[in-house]
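To start, the structure under review is shown below, and the notes come after it.
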Number of protein chains: 2
Amino acid sequence: MDLVAAVRRFNRTVTQRVGALDDEYMARGRPLAQARLLWEIGPGGAEVAALRSRLGLDSGYLSRLLRTLEGDGLVTVGPADRAGGDGRVRVAALTGAGRAEWAELDRRSDEFARSILAPLPGRRRERLVAAMAEVERLLVASLVVIGPCPPGDPRARACVRAYARDVGRRFDGGFDPALSSPVHDEALVPPAGVFLLASLNGEPVGCGAVKLHPGAPAEIKRVWVSDQVRGLGVGRRMLDELERYAAERGWAAVRLDTNRALTEAIAMYRSAGYGEVEPYNTEPYAHYWFEKRLAQ
Amino acid sequence: MDLVAAVRRFNRTVTQRVGALDDEYMARGRPLAQARLLWEIGPGGAEVAALRSRLGLDSGYLSRLLRTLEGDGLVTVGPADRAGGDGRVRVAALTGAGRAEWAELDRRSDEFARSILAPLPGRRRERLVAAMAEVERLLVASLVVIGPCPPGDPRARACVRAYARDVGRRFDGGFDPALSSPVHDEALVPPAGVFLLASLNGEPVGCGAVKLHPGAPAEIKRVWVSDQVRGLGVGRRMLDELERYAAERGWAAVRLDTNRALTEAIAMYRSAGYGEVEPYNTEPYAHYWFEKRLAQ
DNA sequence: CCACATGCCTGACTTTAGTCAGGAAAATCC
DNA sequence: GGATTTTCCTGACTAAAGTCAGGCATGTGG
């Protein structure tokens with residue numbers, strides 16, 4: 001396939017070559033891992049656990065890197081000083097020298113970006129930046145991973161709150177979760193159902209849930225996608241995953257209800273093969289009820 | 001500046017993240033350097049010197065990597081068997097197992113590219129690929145480096161031959177270098193003049209020369225840019241460099257002659273500040289003579 | 001309050017990447 | 001035809017990156 005060949009070319013020429021140059025700029029004599037860590041701590045400081053997950057480092061390795069930067073007088077690591085906080089978590093912060101070094105990295109990163117733009121005449125510069133933004137935005141879709149998550153997880157809670165907020169802005173007269181039919185956590189934990197989370201680099205950017213009602217079609221709830229990744233097909237993938245979950249466990253149909261204000265969602269349901277059915281519940285915020293028969 | 005910020009974002013999200021993933025796909029258990037080397041050798045084999053320059057490796061390090069791959073039965077290294085060849089150069093070739101491994105890397109590279117495209121709906125896929133191609137093409141301009149080169153160097157010779165070939169295709173009645181006023185190598189070596197080569201990853205993609213005539217304007221000759229990078233401003237950068245060379249050595253003006261068939265070149269000279277002057281030589285292929293006064 | 005999990009740490013280790021000096025064989029220069 | 005250069009090689013290093021096991025303090029669920 002031709003598209004695949006084009007992506008491979010891009011990976012080889014852009015990703016590898018520019019990536020290597022960027023690393024070189026960043027490192028400036030220091031081991032790359034240290035430079036990256038220094039950069040990631042940033043002027044505002046960061047919790048050690050956050051650094052570990054953002055950089056994907058082994059706990060022992062990270063600890064050693066922090067000791068080195070501490071030894072060089074660039075960083076201090078101390079207990080998190082927010083009152084009532086977890087006494088185990090530690091926070092890394094830059095010293096004066098560390099901030100100076102960080103600013104130097106920032107300057108060099110700017111310089112590198114400028115060196116990429118410099119050889120191009122003005123109009124081409126803008127075209128390059130526009131194309132970069134497009135690649136970035138579309139690639140983000142590939143980096144979104146969807147997986148199960150306990151509905152009580154803080155990330156899941158954050159998504160549900162964001163869902164209520166978004167929906168409240170769009171419905172006539174807002175949205176009061178207390179008036180809507182409640183969804184209990186237990187109903188979204190296997191085997192009764194599942195809550196799926198879409199994440200981008202560990203940050204939650206979408207969610208969806210399905211309840212497996214015994215002897216009735218499975219019910220899809222709380223499908224939400226963050227603005228950050230809207231329009232990239234994440235909602236459709238979420239729907240596919242939820243359907244697959246129900247189908248694999250023997251359910252032959254799924255259904256859902258929705259509000260007339262959510263026009264793109266309605267269009268997505270229709271294009272995904274959902275057909276309108278009679279109301280199957282008394283959800284006060286619903287105007288449409290959809291159902292889809294599942295394969296197998 | 002906003003453009004710089006956009007480029008930085010691109011570097012961070014695309015280059016680093018996709019680059020790292022690509023490496024992981026490529027490595028599959030084996031050290032990355034070995035995987036890259038195996039890939040670079042390819043089914044057709046490659047000379048050791050070519051591998052060294054393409055991968056930018058130390059001679060000793062490369063030799064050791066080859067021994068390891070040889071020890072694993074993936075590669076054989078032997079003398080180049082073309083008759084009359086240089087007896088020192090050695091050629092690395094894949095064994096049966098090596099070819100199988102190479103095919104596996106090829107397959108995985110395809111798989112990775114597919115995994116990037118998979119989450120996107122059809123139209124977005126095409127937009128991504130188009131944007132990638134645009135980024136790639138425009139970034140290439142930043143990777144072109146221009147520097148002095150002896151006119152006798154094989155890369156310089158190749159450029160001059162390509163120049164004659166290109167020009168021959170465009171002039172009415174072709175181009176016979178023997179009829180054109182000759183340019184001797186000595187005139188293009190400092191301090192008499194200079195020959196500049198534009199390279200992309202070590203491959204020659206353009207050239208240009210300037211002769212510093214004592215007591216007369218400096219003369220620009222043989223400005224050529226390969227199709228590969230045409231339209232990216234490389235010609236203009238070459239011109240700038242040649243002018244700078246002359247200006248720094250005290251020349252107050254440069255001039256050049258050109259053929260009416262080279263319409264884009266003529267437009268470039270005009271936009272770069274060149275003005276038409278009376279013929280200053282009897283070059284049979286010239287229709288226009290241009291001159292530019294240099295600053296300082 | 002006990003058992004267990006979690007967050008961060010240290011010590012001991014391996015692998016990978018890369019450098020540097022020099023050496024044998026072939027090619028080239030004068 | 002001898003000096004020099006080039007190509008590839010080996011041996012001896014070093015630094016960086018990363019892994020693994022275990023330990024101590026703190027937090028949490030029963």
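In what follows, every chain begins at residue 1, and chains take the letters A, B, ... in the order their sequences are listed. Just so it is clear, the values below take in all heavy atoms, side chains as well, and ignore hydrogens, waters and symmetry mates.
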Going by the angle between their ring planes, with limits at 30° and 60°, are A:Phe112 and A:Tyr25 parallel, tilted or perpendicular?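 Because their plane-to-plane angle lies in the 30° to 60° range, the rings of A:Phe112 and A:Tyr25 count as tilted.
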
Can you list everything that forms a side chain to side chain donor-acceptor pair (under 3.5 Å) with B:Trp224? Sequence neighbours excluded, please.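 Only B:Asp166 meet the side chain to side chain donor-acceptor pair (under 3.5 Å) criterion with B:Trp224.
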
Between [X] and [Y], does at least one N-O distance fall below 4.0 Å, as a salt bridge requires?
{"X": "B:Arg108", "Y": "B:Asp22", "answer": "no"}
{"X": "A:Glu111", "Y": "A:Arg107", "answer": "yes"}
{"X": "A:Arg90", "Y": "A:Glu47", "answer": "no"}
{"X": "B:Asp23", "Y": "B:Arg36", "answer": "yes"}

State whether the side chain of A:Gln16 and the backbone N or O of A:Asn11 hold a donor-acceptor pair below 3.5 Å, judged by distance alone.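 Absent.
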
Keeping A:Thr15 on the side-chain end and B:Val18 on the backbone end, is there a donor-acceptor pair under 3.5 Å?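 Answer holds: no.
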
Contact nearer the 5' end of DNA chain D, comparing A:Gln34 with A:Gly60: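 Closest to the 5' end, via its nearest nucleotide, is A:Gln34.
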
Taking for each residue the nucleotide of DNA chain D bearing the nearest heavy atom, is the 5' side occupied by A:Ala33 or by A:Arg88?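 It is A:Ala33 whose nearest nucleotide is closer to the 5' end.
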
Which nucleotide span of DNA chain D, 5' end to 3' end, has atoms closer than 4.0 Å to non-hydrogen atoms of chain B?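 The footprint of chain B covers D:dT6 to D:dA12.
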
Do any of residues 63-73 of chain A sit with a heavy atom less than 4.0 Å from DNA chain C, and if so which?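 DNA chain C contact set from residues 63-73 of chain A: A:Ser63, A:Arg64, A:Arg67.
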
Where along residues 50-59 of chain A does a heavy atom fall under 4.0 Å from DNA chain C?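 A:Arg52, A:Ser59 - these, ordered by number, are the residues of the stretch whose heavy atoms sit under 4.0 Å from the strand.
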
Would you find more than 12 non-hydrogen atoms of other residues, nucleotides or ligands less than 6.0 Å from [X] atom [atom1]?
{"X": "A:Arg17", "atom1": "CZ", "answer": "no"}
{"X": "B:Arg54", "atom1": "CZ", "answer": "yes"}
{"X": "B:Arg137", "atom1": "CZ", "answer": "yes"}

Counting only side-chain nitrogens and oxygens, does A:Arg90 get under 4.0 Å of the OP1 or OP2 atom of C:dC9?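 Yes, such a contact exists.
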
After noting the C-alpha distance and the side-chain angles of B:Arg30 and B:Glu101, does the key distance pass the salt bridge (Lys or Arg N to Asp or Glu O under 4.0 Å) rule? CA-CA 11 Å; B:Arg30 192 185 308 287; B:Glu101 190 59 26; 3.1 Å; yes

Between the first and last five pairs of the helix from C:dC1-D:dG30 to C:dC30-D:dG1, the angle of the axes, rounded to 10 degrees: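 Result, rounded to 10 degrees: 30°.
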
For B:Leu51, which of B:Val91, B:Ile41, B:Leu57 qualifies under side chain to side chain contact (heavy atoms under 4.5 Å, CB included)?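 Exactly one option meets the side chain to side chain contact (heavy atoms under 4.5 Å, CB included) with B:Leu51, and it is B:Ile41.
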
Sub-4.0 Å heavy-atom contacts from residues 18-32 of chain A onto DNA chain D, ordered by number: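 Contacts with DNA chain D under 4.0 Å: A:Pro31, A:Leu32.
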
For A:Leu62 and C:dC9, give me the distance from atom CG to atom P, rounded to whole Å.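 Going from CG in A:Leu62 over to P in C:dC9 covers 7 Å.
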
Row check, B:Phe10 ring normal vs B:Arg12 NZ/CZ: under 6.0 Å, within 45°: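 Judged by the rule (NZ or CZ under 6.0 Å from the ring centre, within 45° of its axis), B:Arg12 is not positioned above B:Phe10.
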
From CA spacing to verdict: side-chain hydrogen bond (donor to acceptor under 3.5 Å, both in side chains), A:Ser63, A:Arg67: CA-CA 6 Å; A:Ser63 191; A:Arg67 287 304 85 67; 3.2 Å; yes

